**Student:** 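Have a look at the structure that comes next, please.
In this text the structure is predicted, and so the values were computed from the model without any measurement. A, B, ... follow the sequence lines: proteins, then strands. Residue 1 opens every chain.
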2 protein chains.
Amino acid sequence: MTFPPRQEHPMSNVAPTTPEQLDVILDAARAAVPIWSATAPSERARVLIAVADALDADAERLVGIAQRETGLSEARLRGELTRTMVQLRLFADVIREGSYLDARIDEADDRFVLGTRPELRRVLTPVGVALNFSASNFPFAFSVAGGDSAAALAAGLPLVVKAHSGHPELSVATAEVVAAAARAAGAPDGVFALVVGQAAGTAALEDDRVDVASFTGSIRVGRLLADKAAARPRPILFFGELGSVNPAYVTAAALAERSDQLASGFVASVAGSAGQLCTKPGFLWIPGGADAAAFEDAVARHAAAAAEHRLLNPGIGAAYLARREAVLAAEGVRLVAEGSVRTDDDGQVWASPTIAAISAERLQPGDETLLDEVFGPFSLIVEYDDEAALADRLDALYEGNLTGTVHTGSGEQSPSLSALVARLQRKVGRVLFNGWPTGVAVTYAQQHGGPYPATTNDSSTSVGTAAITRFLRAVAFQDAPQDVLPPSLRDDNPWGIPQRREPAGVSQAWGRRADPGSSV
Amino acid sequence: MTFPPRQEHPMSNVAPTTPEQLDVILDAARAAVPIWSATAPSERARVLIAVADALDADAERLVGIAQRETGLSEARLRGELTRTMVQLRLFADVIREGSYLDARIDEADDRFVLGTRPELRRVLTPVGVALNFSASNFPFAFSVAGGDSAAALAAGLPLVVKAHSGHPELSVATAEVVAAAARAAGAPDGVFALVVGQAAGTAALEDDRVDVASFTGSIRVGRLLADKAAARPRPILFFGELGSVNPAYVTAAALAERSDQLASGFVASVAGSAGQLCTKPGFLWIPGGADAAAFEDAVARHAAAAAEHRLLNPGIGAAYLARREAVLAAEGVRLVAEGSVRTDDDGQVWASPTIAAISAERLQPGDETLLDEVFGPFSLIVEYDDEAALADRLDALYEGNLTGTVHTGSGEQSPSLSALVARLQRKVGRVLFNGWPTGVAVTYAQQHGGPYPATTNDSSTSVGTAAITRFLRAVAFQDAPQDVLPPSLRDDNPWGIPQRREPAGVSQAWGRRADPGSSV
């Protein structure tokens with residue numbers, strides 16, 4: 001998400017965490033590392049499920065606070081809270097099943113190809129204390145009890161969450177629910193804490209007691225924090241999810257088949273949550289010509305029917321107004337659907353979708369005004385003449401993105417389409433076909449990440465079960481007695497998890513595996 | 001490894017890569033990305049095996065050059081070359097088997113717990129172009145055709161290797177063998193190249209055409225390069241393996257049981273390859289008292305029998321002399337085995353093992369003279385009085401390490417031993433029992449990495465099959481037609497790899513998984 005530099009909001013009644021309080025919090029988190037990391041997955045799962053149940057029980061109150069603080073609709077917030085609970089429950093399953101631990105056992109081997117091999121057992125293990133910076137635009141699902149929090153707690157890390165200034169009271173209320181539920185379910189002291197204020201968040205990131213950090217927010221702030229994490233005397237991994245403009249492409253065949261359906265879906269994806277989603281399609285490429293005009297008429301019609309929506313906070317509202325105005329003032333940009341914008345007495349900005357259009361040749365590499373993200377209910381239709389050029393234009397215009405979308409005709413195949421899809425795979429984390437990128441399923445095969453600046457570290461995902469590995473590192477045990485091994489690596493396998501076992505004697509045949517798929 | 005700042009060696013006949021040459025190399029590597037990343041694993045495996053076979057065929061010549069350039073023994077270099085070939089063949093197996101791809105398929109689900117779920121398919125995919133900085137101390141196994149090179153090529157990344165200045169002619173000779181074998185086996189142009197010189201290496205690291213880098217070397221140079229990688233306009237992951245002092249601990253029971261055997265194993269581990277190994281035990285903690293004196297006598301006897309060995313190059317030799325002298329001059333340090341040191345007419349340093357001893361209370365946190373790595377055939381015996389204090393002393397004295405070792409008595413168990421092992425697990429990448437950390441098996445369950453400064457990024461390993469994942473990121477495909485999916489994700493599964501499949505309809509039960517291990 002792209003924001004201009006701005007002041008923090010007044011934190012209503014919520015006081016910033018003092019350096020002394022932070023010190024106590026980090027000491028407690030550090031002290032909890034050996035306890036929580038050694039807690040059986042089934043016990044950690046019990047805590048996650050207890051937290052989900054507690055959020056469920058308090059849903060009405062929490063959603064009410066969130067509505068007031070963020071301006072998001074009740075339906076959206078209820079759905080988001082459900083997603084938050086599902087994330088916690090899903091991670092409970094993941095850690096009890098145990099394949100995320102990647103447990104590997106190499107048997108001792110006196111016929112090993114490089115001389116005698118000792119017994120080696122390797123498993124993923126929590127890296128220490130996690131720090132999670134909450135997002136403005138998902139007060140539940142990417143905040144105090146959100147995806148990264150669920151993943152860190154599931155992985156076995158004590159967790160410190162930095163509250164987002166856009167929903168401070170909700171952050172405190174959620175943290176109280178989480179802390180009470182976790183404590184009641186048997187979690188040790190220090191496993192969970194909330195810190196408030198930029199100063200405390202930055203100090204925590206730079207503190208040696210923190211071992212890994214995650215973040216969802218703007219490129220500017222995310223890069224600033226990533227640089228701090230990398231510059232520490234002991235650098236740590238920083239998983240920042242930053243900006244994305246999510247280009248979408250419509251082929252001529254798709255447009256000819258279902259213009260109105262595409263227009264309706266596009267507007268809904270831009271309008272939802274007032275466009276304040278990391279996966280909002282910021283650019284829609286359509287073939288120019290007569291079909292384009294009809295499509296844009298349909299877009300204007302659907303956009304006009306979209307309700308006005310409050311933006312998350314005055315800072316985001318002001319940034320939206322400025323970016324929208326800048327794009328609309330750029331040469332060659334024309335309005336398709338003007339959309340409303342107004343600022344109320346509290347400084348909150350209200351808007352309905354604005355859609356503009358431009359011809360493809362006007363879009364030039366490095367044009368930040370047109371190419372940078374507009375965070376809010378805005379999107380730019382790009383009319384192209386040459387489908388065969390789309391792949392190269394993608395490379396030239398866009399940096400890394402969370403998603404890329406293609407809309408194709410029924411059964412359509414073409415070299416230019418193949419080239420576009422191949423290029424998208426190297427530019428984004430998720431390639432969609434005939435759908436819209438907003439609405440990110442929380443499941444096993446989800447990938448929410450992408451090359452920089454979509455993320456600062458593309459080795460992981462921030463949605464879905466694979467997120468858990470970002471909080472883990474491997475440890476190997478060589479010739480260890482059974483009683484000192486973690487349960488995940490013991491021969492009696494008390495947790496019943498998958499263990500990959502490499503028997504003695506087979507290494508002599510390495511590189512000589514039968515390969516029916518090869519002619520060699 | 002710890003070196004002082006030093007000049008590069010004269011590169012004999014090997015000219016540094018010019019900026020113009022580097023530009024051509026990086027363009028070719030970039031152009032090879034779509035081709036090599038889409039090449040079937042069985043074809044990439046064929047290339048890896050062809051490279052291994054070609055190295056095998058040229059072993060005598062390559063080992064001869066390596067002997068001359070590094071001073072390492074023929075036996076060691078032959079073993080190392082064998083390990084290099086085994087790595088290549090093992091990675092060929094790994095990519096043909098395919099579980100490294102972590103292929104996941106979530107079926108479309110209209111009863112999904114968060115509303116309709118689209119079909120999602122997720123697989124790991126090469127991140128682009130890899131840059132590998134060679135090591136001084138492993139002219140084969142961590143250099144041009146070494147572990148990171150094998151992993152990058154196996155993963156599907158075009159590879160640029162920066163030659164180490166300590167063995168330039170070997171680097172060129174190896175690169176010629178690799179390039180010819182790869183070409184003959186059908187690898188596309190641009191898949192492999194060598195660059196020579198610090199300037200070319202740094203320029204490549206900072207070039208946007210490079211997407212990931214790996215390194216084995218000193219803390220000073222590794223941190224410098226890691227900082228450059230993080231400061232790029234588009235930051236990239238940098239997997240640096242830096243310094244490690246590998247503390248080893250001997251309990252009173254172990255010492256009572258097998259003092260001479262421990263002394264002999266310790267000296268052999270310190271003396272091997274003139275102590276120029278990342279996993280050399282730099283500290284050996286033993287209980288003080290009468291048994292200590294007998295142990296040290298045995299150490300002196302074994303050390304006196306160890307042959308003189310040339311250090312890798314004059315720079316490393318000079319650094320060894322300086323570090324050895326500084327430690328021996330520190331208060332409280334006494335010699336156990338003086339060892340020889342001499343400098344020959346070519347400026348090469350020759351040495352036999354020097355072992356010193358100190359009492360535990362003299363070893364204080366932050367004492368860089370005593371605690372920093374001494375790269376070469378030196379180790380410090382630390383005599384302790386209080387076994388119960390070892391775990392806390394470990395935390396206070398040492399940063400992250402590649403390995404940590406405990407030598408125990410037969411069947412020994414104690415709270416202090418458990419505490420030490422627990423603490424080691426959080427401080428190192430590999431915990432050994434009753435063995436020595438040098439000699440790193442290349443296999444599935446190996447972990448060669450550890451918390452900073454052992455590595456700059458502890459999410460991976462630089463030895464063993466798990467190394468391959470450092471060069472991969474995930475991409476998800478949503479509702480993609482079968483014909484545009486990569487073969488790894490297709491229903492017909494032409495590569496025959498493991499695919500994790502999440503059926504429709506089960507998400508309603510998430511978090512309600514039967515868990516026989518829990519009382520809930």
**Student:** Given that the side chain runs from C-beta out, which part of A/R423 has a heavy atom under 4.5 Å from chain B: side chain, backbone, both or neither?
**Tutor:** neither
**Student:** Which class fits the ring pair A/W510 and B/Y444: parallel under 30°, tilted 30 to 60°, perpendicular over 60°?
**Tutor:**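 It falls in the perpendicular class, over 60°.
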**Student:** Kindly write out the residues that satisfy side-chain hydrogen bond (donor to acceptor under 3.5 Å, both in side chains) with A/D106, not counting sequence neighbours, or none if the list is empty.
**Tutor:** B/T443
**Student:** Quick one: of A/S418, A/S459, A/G79, A/P235, who has the most non-hydrogen atom pairs under 4.5 Å with chain B?
**Tutor:**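 The residue among A/S418, A/S459, A/G79, A/P235 with the greatest pair count is A/P235.
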**Student:** Find the one option among A/V428, A/V127, A/L472 whose heavy-atom pairs under 4.5 Å with chain B are most numerous.
**Tutor:** A/V428
**Student:** Given a strict heavy-atom distance threshold of 4.5 Å, which part of A/E399 is in contact with chain B: side chain, backbone, both, or neither?
**Tutor:**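 Neither part, no heavy atoms under 4.5 Å.
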**Student:** Any idea which of A/P481, A/A103, A/G435 has the most non-hydrogen atom pairs under 4.5 angstrom with chain B?
**Tutor:** A/P481
**Student:** Where does B/A474 contact chain A at under 4.5 Å (heavy atoms): side chain, backbone, both or neither?
**Tutor:**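 Looking at B/A474, backbone and side chain both touch chain A.
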**Student:** Could you look at A/F112 and say if it's the side chain, the backbone, both or neither that has a heavy atom under 4.5 Å from chain B?
**Tutor:**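 It is the side chain, since no backbone atom gets that close.
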**Student:** Heavy-atom distances under 4.5 Å only: say whether A/R470 touches chain B with side chain, backbone, both or neither.
**Tutor:** neither
**Student:** With a 4.5 Å limit on heavy-atom distance, are the side chains of B/Q447 and B/D458 in contact?
**Tutor:**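 B/Q447 vs B/D458: side chains touch.
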**Student:** What residue, out of A/L90, A/I49, A/T456, has the most heavy-atom pairs lying under 4.5 Å from chain B?
**Tutor:** A/L90
**Student:** On a heavy-atom basis, which atom in B/V463 and which in B/V440 lie closest, and how many Å separate them?
**Tutor:**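 Smallest heavy-atom distance, with atoms named: CG1-CG1, 3.8 Å.
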**Student:** A/R121 versus chain B, heavy atoms under 4.5 Å apart: side chain, backbone, both or neither?
**Tutor:**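 When you check distances to chain B, only backbone atoms of A/R121 fall under 4.5 Å.
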**Student:** Under a 4.5 Å heavy-atom cutoff, which of B/V123, B/L124, B/L120 has the most pairs with chain A?
**Tutor:** B/L120
**Student:** Over all heavy atoms of both residues, which pair between B/R44 and B/S37 is shortest? Give the atoms and the distance, please.
**Tutor:** NH1-O, 4.0 Å
**Student:** Does any heavy atom of chain A fall under 4.5 Å from the side chain of B/Q413, the backbone, both, or neither of them?
**Tutor:**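 Just its side chain gets close to chain A.
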**Student:** Is A/A230 close to chain B through its backbone or its side chain, or both, or neither, when contacts mean heavy atoms under 4.5 Å?
**Tutor:**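 Both parts, backbone and side chain.
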**Student:** Taking side chain as everything from C-beta outward and backbone as N, CA, C, O, which of these in A/V442 sits under 4.5 Å from a heavy atom of chain B? Side chain, backbone, both or neither.
**Tutor:** both
**Student:** What part of A/P126 gets closer than 4.5 Å to chain B, counting heavy atoms only: side chain, backbone, both or neither?
**Tutor:**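 Contact with chain B: none, neither part.
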**Student:** Just so I understand: if I count every heavy-atom pair under 4.5 Å between each of B/H448, B/M85, B/R426, B/R234 and chain A, which residue has the most?
**Tutor:** B/R426
**Student:** My understanding is that only residues two or more places apart in sequence, or in another chain, count here; which of them pass side chain to side chain contact (heavy atoms under 4.5 Å, CB included) with B/A454?
**Tutor:** B/L402
**Student:** Given that the side chain runs from C-beta out, which part of A/A231 has a heavy atom under 4.5 Å from chain B: side chain, backbone, both or neither?
**Tutor:**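 Just the backbone, heavy atoms under 4.5 Å.
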**Student:** Do A/Q499 and A/R104 have a side chain donor and acceptor closer than 3.5 Å?
**Tutor:** no
**Student:** Name the member of A/T125, A/L237, A/V421 that forms the most heavy-atom pairs with chain B at distances under 4.5 Å.
**Tutor:** A/L237
**Student:** Check whether any side-chain heavy atom of B/T461 sits under 4.5 Å from a side-chain heavy atom of B/R430, and report yes or no.
**Tutor:** no
**Student:** Any non-hydrogen side-chain atom of A/T405 less than 4.5 Å from a side-chain atom of A/F433?
**Tutor:** no
**Student:** A/R232 versus chain B, heavy atoms under 4.5 Å apart: side chain, backbone, both or neither?
**Tutor:** backbone
**Student:** Would you name the heavy atoms of B/P437 and B/T403 that are closest together and state the gap between them?
**Tutor:**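 The answer is CB-OG1, 3.3 Å.
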**Student:** Under the 3.5 angstrom rule, does the side chain of B/R223 hit a backbone N or O of A/P233 as a donor-acceptor pair?
**Tutor:**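 Yes.
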**Student:** Between B/G429, B/A441, B/S460, B/G115, which residue shows the highest count of heavy-atom pairs closer than 4.5 Å to chain A?
**Tutor:**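 Between B/G429, B/A441, B/S460, B/G115, the count favours B/G429.
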**Student:** Tell me, out of A/V406, A/V94, A/L432, A/L48, who's got the most heavy-atom pairs with chain B below 4.5 Å.
**Tutor:** A/L432
**Student:** Could you tell me if the side chain of A/D102 sits less than 4.5 Å from the side chain of A/Y100, heavy atoms only?
**Tutor:**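 Side chain of A/Y100 against side chain of A/D102, heavy atoms only: no contact under 4.5 Å found.
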**Student:** Looking only at the side chains, is there a donor atom on one of A/R122 and B/Q446 sitting less than 3.5 Å from an acceptor on the other?
**Tutor:** no
